[in-house]
10 protein chains.
Amino acid sequence: MEPIVSKRDAGQIVRAAQFRSGVSWAAIAQAVGKDPVWVVAALLGQHALTAADAEIVGGLLSLDPEVREALQMPPYRGSFDSPVPSDPTIYRLYEAINVYGPAIKELIHEEFGDGIMSAINFKVDIERREDPAGDRVVITLDGKFLDYNW
Amino acid sequence: MEPIVSKRDAGQIVRAAQFRSGVSWAAIAQAVGKDPVWVVAALLGQHALTAADAEIVGGLLSLDPEVREALQMPPYRGSFDSPVPSDPTIYRLYEAINVYGPAIKELIHEEFGDGIMSAINFKVDIERREDPAGDRVVITLDGKFLDYNW
Amino acid sequence: MEPIVSKRDAGQIVRAAQFRSGVSWAAIAQAVGKDPVWVVAALLGQHALTAADAEIVGGLLSLDPEVREALQMPPYRGSFDSPVPSDPTIYRLYEAINVYGPAIKELIHEEFGDGIMSAINFKVDIERREDPAGDRVVITLDGKFLDYNW
Amino acid sequence: MEPIVSKRDAGQIVRAAQFRSGVSWAAIAQAVGKDPVWVVAALLGQHALTAADAEIVGGLLSLDPEVREALQMPPYRGSFDSPVPSDPTIYRLYEAINVYGPAIKELIHEEFGDGIMSAINFKVDIERREDPAGDRVVITLDGKFLDYNW
Amino acid sequence: MEPIVSKRDAGQIVRAAQFRSGVSWAAIAQAVGKDPVWVVAALLGQHALTAADAEIVGGLLSLDPEVREALQMPPYRGSFDSPVPSDPTIYRLYEAINVYGPAIKELIHEEFGDGIMSAINFKVDIERREDPAGDRVVITLDGKFLDYNW
Amino acid sequence: MEPIVSKRDAGQIVRAAQFRSGVSWAAIAQAVGKDPVWVVAALLGQHALTAADAEIVGGLLSLDPEVREALQMPPYRGSFDSPVPSDPTIYRLYEAINVYGPAIKELIHEEFGDGIMSAINFKVDIERREDPAGDRVVITLDGKFLDYNW
Amino acid sequence: MEPIVSKRDAGQIVRAAQFRSGVSWAAIAQAVGKDPVWVVAALLGQHALTAADAEIVGGLLSLDPEVREALQMPPYRGSFDSPVPSDPTIYRLYEAINVYGPAIKELIHEEFGDGIMSAINFKVDIERREDPAGDRVVITLDGKFLDYNW
Amino acid sequence: MEPIVSKRDAGQIVRAAQFRSGVSWAAIAQAVGKDPVWVVAALLGQHALTAADAEIVGGLLSLDPEVREALQMPPYRGSFDSPVPSDPTIYRLYEAINVYGPAIKELIHEEFGDGIMSAINFKVDIERREDPAGDRVVITLDGKFLDYNW
Amino acid sequence: MEPIVSKRDAGQIVRAAQFRSGVSWAAIAQAVGKDPVWVVAALLGQHALTAADAEIVGGLLSLDPEVREALQMPPYRGSFDSPVPSDPTIYRLYEAINVYGPAIKELIHEEFGDGIMSAINFKVDIERREDPAGDRVVITLDGKFLDYNW
Amino acid sequence: MEPIVSKRDAGQIVRAAQFRSGVSWAAIAQAVGKDPVWVVAALLGQHALTAADAEIVGGLLSLDPEVREALQMPPYRGSFDSPVPSDPTIYRLYEAINVYGPAIKELIHEEFGDGIMSAINFKVDIERREDPAGDRVVITLDGKFLDYNW
């Protein structure tokens with residue numbers, strides 16, 4: 001049988017290939033025609049690409065066939081090696097939830113009633129907002145409200 | 001000495017008092033004149049209120065003096081009892097980071113260079129966006145970019 | 001201020017009161033007019049009762065006012081003291097997911113595409129099925145399919 | 001000695017081979033003549049196939065002999081890398097138990113007496129139920145009641 | 001409402017009362033007319049006593065009514081505060097499983113086929129066996145074999 | 001230097017070789033002339049075989065020299081990958097200790113005084129006991145009592 | 001019923017009482033007529049005192065009757081709140097085992113054969129050894145060798 | 001570049017080579033001219049050998065050059081795969097600290113004042129003491145006292 | 001017996017009393033005549049105060065006698081509730097070690113040889129350094145080098 | 001595709017190459033023209049080198065191209081294999097935070113207000129300070145103060 005590449009390994013191969021190629025994530029996302037956060041998450045193993053998209057990315061980054069295949073397989077999602085992520089960029093997001101999570105919950109409850117913001121019917125956007133005191137990262141989490149509906 | 005109330009206990013007392021009083025979090029935030037996420041987070045123990053704000057909230061919710069005092073004390077932050085939060089509303093935020101965190105990191109890196117979105121010089125906003133397919137929760141995380149600056 | 005009872009403590013008080021009273025969970029659910037699993041979960045702290053339902057249950061079980069109040073407060077959900085539940089009845093459910101979870105995932109994916117069975121738009125039913133080889137517990141988990149919808 | 005393939009690795013190889021071959025899990029299950037959840041669980045390493053079934057699947061998916069052998073070996077069961085599964089589809093099942101587990105336990109106790117639903121004398125079925133508000137995943141867990149029988 | 005005693009606290013109260021009273025566990029088990037391991041496990045919170053048995057034990061140990069009640073309530077089973085028990089007597093049992101567990105599994109499989117020894121339809125016996133080289137503790141675990149029976 | 005095989009890997013190789021060869025564990029134990037639980041535990045990496053025994057087993061299962069060597073090396077004992085074993089057969093033993101461990105401890109203390117059942121001067125036996133209601137697995141743990149002897 | 005004091009709480013009460021009284025641990029041990037490490041461990045909850053010894057210590061430290069009783073009850077041993085102790089004095093012992101444990105094991109094996117140093121038939125002694133380069137703590141662990149004796 | 005061997009792998013290779021060679025740890029330590037515990041700990045990866053000592057050991061055990069190199073590299077110390085060691089010989093040492101650690105701490109404090117026994121300026125000795133009731137392992141931990149010295 | 005206050009509770013009482021009193025930590029440290037980091041650490045339970053210092057602080061903050069006593073008792077050190085601290089101010093220090101710890105180790109090794117920076121013969125200083133780009137926190141850790149000295 | 005080396009593996013390769021080459025970390029840092037702590041942290045995988053710096057180091061240490069590439073890739077930061085680091089040199093830093101972290105937090109709060117010392121706009125310096133009582137390691141952590149700025 002042909003060799004198998006796990007989605008996790010494929011993600012590492014894609015990162016190295018993207019670095020070597022000099023093609024930006026933004027350009028890859030544009031070539032695929034989807035939002036950058038979704039595309040990068042998919043390439044790092046969190047979503048499945050279509051065969052067509054895998055070919056586009058595979059061509060841009062000169063990926064081997066078994067890597068292209070891995071990109072199309074259904075994912076077992078989750079990126080953290082341990083429950084608390086150690087990378088500072090990712091940790092800050094965790095910290096923000098650790099500090100503001102209950103407040104967010106109380107306000108969702110007050111505004112919408114008992115329920116959640118879906119993480120499935122959901123999208124994420126990142127923008128740079130210029131600010132004379134230092135530019136800002138603005139991350140928008142946009143998910144459908146789902147009420148507890150027995 | 002007078003009794004001491006921990007910020008964690010004060011947060012539980014405030015939640016019960018808010019429920020009993022029927023005063024909305026939005027109304028409390030308006031009375032204090034600050035953003036709702038910040039105010040609720042503070043009342044749940046994640047920030048310190050000023051003495052004046054503690055009096056305003058204490059009056060609205062009929063809080064005892066030692067609870068008002070606890071609201072003013074400097075916090076030891078963090079709301080999670082275990083590293084992975086179990087409440088579904090809060091868990092979905094954790095899941096979103098677990099799935100999209102590395103993608104967010106890659107794109108921050110590409111746009112800004114090596115660094116983080118601050119969780120200190122930071123604010124959170126929640127909005128309801130009406131949508132015929134079901135209203136949506138839109139959470140905006142807005143933090144200053146900090147580059148690795150040795 | 002009046003005393004505060006946490007939802008977790010309220011759940012323990014309700015269990016003891018139900019045992020003392022001899023009123024069955026089924027009868028309580030019938031009095032409230034909702035499905036038994038939902039009602040018992042709510043009484044154990046996982047959902048909020050309406051004020052009317054809290055009065056019905058409070059009357060049946062002779063609960064104090066602060067317990068009735070606790071039953072109405074919004075829950076922070078999750079029943080496990082540690083990630084792996086130790087009670088054998090609950091553990092068997094955990095074990096079933098540990099053994100069959102990935103198979104369930106593959107088959108959901110094959111039938112519905114990439115997505116999840118909602119645990120929010122969701123209900124649970126328990127039935128006894130008579131069987132000459134020993135009666136069987138039949139638990140039906142019924143949740144709306146949610147596809148990954150960016 | 002011939003190379004050895006662990007059941008875990010065999011499961012990954014089967015997943016890739018199933019994806020490559022385009023043969024559905026349902027078709028594999030039908031070829032084997034057993035319930036789909038059981039068959040997929042077995043192929044992912046949670047049950048042992050008979051030699052005959054391993055040949056059928058091996059033929060359909062062009063598996064190497066040492067993979068066919070691995071499929072027949074007795075399993076050490078359990079699919080989770082950490083106590084709390086991170087994949088959202090599997091996590092929702094965990095969450096459902098975390099929220100409803102104690103209620104299920106109380107109702108099993110009330111109906112059957114002190115005991116458990118076996119996870120060994122046990123089967124799982126998945127169905128799609130059409131619903132105008134969105135189709136539903138219906139998972140039925142069906143296990144023999146075992147009472148505490150000293 | 002009358003005070004509530006948890007089964008865990010009741011277990012601690014029973015231990016102290018047994019020590020104070022000087023009545024042996026063996027005598028308590030005999031009074032109740034059941035096997036000692038079952039009775040002691042029940043008194044420490046792992047099984048429910050009948051009302052009659054709770055009265056017998058309550059009388060022997062002068063237990064308060066709310067303790068007698070706790071002894072009759074359905075248990076949430078499990079005695080370990082952390083996954084690895086620290087008490088040396090209990091740890092030795094854990095160690096024995098850690099060392100011999102897989103061997104036991106292989107031999108159960110060989111003798112009975114794929115399945116488990118039930119821990120529900122199960123009993124435990126302890127005996128002292130005199131031995132000139134030092135007396136021995138002989139613990140017999142006796143459980144019904146359950147095969148994987150889909 | 002010749003290749004090195006860890007005892008853990010050797011255990012996996014032995015399991016596969018035993019499966020391939022069709023030689024039962026019982027037959028292997030008989031060939032070696034020792035108790036089956038001890039022999040299987042040793043082959044899975046928990047005890048050291050003598051050179052002679054390693055040759056006997058190596059011959060029966062056609063093991064390579066470096067596997068035979070690994071079987072003779074002193075073990076670092078312990079089979080669990082995580083503190084709570086996930087395999088159901090092994091988990092049931094863990095559960096039994098979790099439920100009955102403190103009762104066993106109390107009764108050992110009452111009968112023998114303060115001390116432990118050794119897990120070193122210790123043996124395990126498994127038997128099948130026929131029972132019209134379903135055959136039973138009977139596991140006997142037999143260890144020397146050691147008192148706290150300062 | 002009279003109040004119950006756990007052995008853990010009794011240990012904290014003894015520590016405070018010893019501090020208040022100014023009576024040294026050495027003097028307490030001498031009054032009891034046993035080795036200091038054993039006596040202090042017992043007073044901190046790790047061994048049971050005889051009634052006579054509990055009276056001696058209770059008199060020296062003016063302990064309440066329920067504390068004296070707690071000192072006589074059989075212990076559930078183990079002092080660590082988490083698997084890795086945080087107090088530096090105790091951590092250094094943990095670190096020494098983490099660094100030298102395998103070497104100790106290899107040398108015990110070479111000298112005695114496969115087995116352990118008992119922690120039950122065991123004693124600990126602490127001495128001060130004067131040294132011009134700074135006095136030294138000398139801790140002697142003295143335990144009976146137990147060989148794996150099936 | 002030449003292949004790299006980690007100190008952990010080197011330790012495993014040394015153990016196998018020592019077993020194959022039949023040269024005792026005591027003989028290796030004597031050849032090197034250092035205490036056995038230190039030498040074995042170093043060979044298992046917890047200390048760095050000098051180049052000369054690595055040559056001596058490398059010659060005795062026929063080690064490859066990259067293993068000899070690994071033995072000389074500075075170590076990242078620590079032998080435990082998980083916080084609680086599972087091997088019974090090593091666990092007994094952990095248990096002894098878990099039971100006697102706080103008593104040792106109290107007595108160090110009483111004799112020396114607030115401080116620790118260094119695990120750096122530290123040595124370990126193992127001896128066999130003959131005893132008609134069974135020979136004993138005597139482990140001496142000898143470390144410099146360090147007081148809290150701000 | 002008089003009530004007992006644990007050092008942990010005493011630390012919380014001191015924090016509240018310091019907040020109520022308006023006396024700064026710096027002023028308390030000056031009154032005691034010791035370095036601020038040491039004094040605050042001691043008041044939060046990590047060191048023992050002398051009786052005289054406890055009186056000075058007790059007077060400044062109007063502490064009850066049992067709190068003053070607790071401040072003098074020998075500490076069991078360690079402030080973290082879980083291995084990874086959640087408070088952002090403290091977490092940043094943890095993160096710095098997680099990122100720079102191995103580099104610090106390599107450079108200590110290169111400069112001093114194999115050993116550690118003592119955390120016992122150790123002091124910490126905090127200063128504010130003005131900087132036009134934003135003032136800086138400068139923390140100096142100053143500990144005696146201890147070499148591995150067998 | 002060319003082989004990929006992870007930053008973690010690259011760090012191990014660099015450590016071995018530095019050892020083999022005999023070039024000091026200080027010399028490498030000087031060649032690169034940056035602070036030693038930063039350079040060593042980068043080489044161990046915690047920062048990205050520029051292409052030019054990677055060439056300088058690669059030349060000094062004779063590193064393969066894929067290692068040089070790995071050194072330039074953006075890092076996922078964090079060095080600890082488990083939350084509590086086991087190496088004694090690194091552990092002492094962890095211990096220092098565990099003991100002094102809250103005191104540092106209180107004093108930062110008093111001097112600067114509510115906020116943190118950045119670990120991003122941050123640098124670390126190590127110096128040797130001669131001292132007749134034994135030379136000292138002096139580590140200076142210098143980070144920008146960031147106030148909670150909503």
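Heavy atoms only: backbone and side chains are in, while hydrogens, waters and symmetry mates are out. In what follows, chains are A, B, ... by sequence order, proteins preceding strands, each numbered from 1. What you see is a predicted model; the values in this text were computed from it and never measured.
Counting heavy-atom pairs closer than 4.5 Å to chain J, the top-ranked of the candidates I:Q46, I:E127, I:Q18 is I:Q46. The most heavy-atom pairs under 4.5 Å with chain I, out of J:F122, J:F145, J:W25, J:W38, come from J:W25. Between chain J and the residues I:L93, I:I97, I:T140, I:V40, the most heavy-atom pairs under 4.5 angstrom are made by I:I97. For chain I, the option among J:E110, J:R92, J:H109 with the highest count of heavy-atom pairs below 4.5 Å is J:E110. When each of J:E95, J:R77, J:R128, J:R129 is checked for heavy-atom pairs under 4.5 Å with chain I, J:R128 comes out on top. Interface remark: of the candidates J:I104, J:D114, J:I108, J:I104 forms the most heavy-atom pairs closer than 4.5 Å to chain I. For the set I:S82, I:S118, I:G78, the count of heavy-atom pairs under 4.5 angstrom toward chain J peaks at I:G78. Contacts with chain J were tallied for I:G11, I:A41, I:A42; I:A41 has the most, counting heavy-atom pairs under 4.5 Å. Contacts with chain I were tallied for J:G115, J:P83, J:S79; J:S79 has the most, counting heavy-atom pairs under 4.5 Å. Top candidate by heavy-atom pairs under 4.5 Å with chain J, chosen from I:L107, I:L146, I:V84, is I:L107. Of the listed residues (I:L43, I:I116, I:V137), the one with the most heavy-atom contacts under 4.5 Å to chain J is I:V137. By number of non-hydrogen pairs under 4.5 angstrom with chain I, the leading residue of J:Y94, J:F112, J:Y100, J:Y91 is J:F112.
Between J:D87 and I:K105, at least one side-chain nitrogen of the basic residue sits less than 4.0 Å from a carboxylate oxygen of the acidic one, meeting the salt-bridge criterion. Salt bridge status for I:D53 with I:K34: present, with a side-chain N to carboxylate O gap under 4.0 Å. One finds a salt bridge joining J:R15 and I:E106 here, because a Lys/Arg side-chain nitrogen approaches an Asp/Glu carboxylate oxygen to under 4.0 Å.
Heavy-atom distances place the side chain of J:V124, and not its backbone, under 4.5 Å from chain I. Only the side chain of J:H47 has a heavy atom closer than 4.5 Å to any heavy atom of chain I. Of the two parts of J:A26, the backbone and the side chain both hold a non-hydrogen atom closer than 4.5 Å to a non-hydrogen atom of chain I. Only the side chain of I:Y148 comes within less than 4.5 Å of a heavy atom in chain J; its backbone stays farther off. When heavy atoms are compared at a cutoff of 4.5 Å, J:D131 does not approach chain I at all. Proximity to chain I is limited to the side chain of J:L44, based on heavy atoms less than 4.5 angstrom apart.
In this structure, I:P75 and I:G45 approach most closely via the heavy-atom pair CB-O, 3.3 Å. Among all heavy-atom pairs drawn from J:A70 and J:A10, the shortest one is CB-CB, 3.8 Å.
At a threshold of 4.5 Å between non-hydrogen side-chain atoms, the residues J:I126 and J:V138 do not count as touching. Side-chain atoms of I:V57 and I:V32, non-hydrogen and from C-beta on, do get closer than 4.5 Å to each other. I:I56 has its side chain out of reach of I:L49: every pair of non-hydrogen atoms, C-beta onward, lies at least 4.5 Å apart. At a threshold of 4.5 Å between non-hydrogen side-chain atoms, the residues I:Q72 and I:T50 do not count as touching. Side-chain contact between J:V23 and J:I28 is present, with heavy atoms from C-beta onward closer than 4.5 Å.
Note that CD1 of I:I90 and CE of J:M117 are 11.5 Å apart. Values are rounded to the nearest 0.5 Å.
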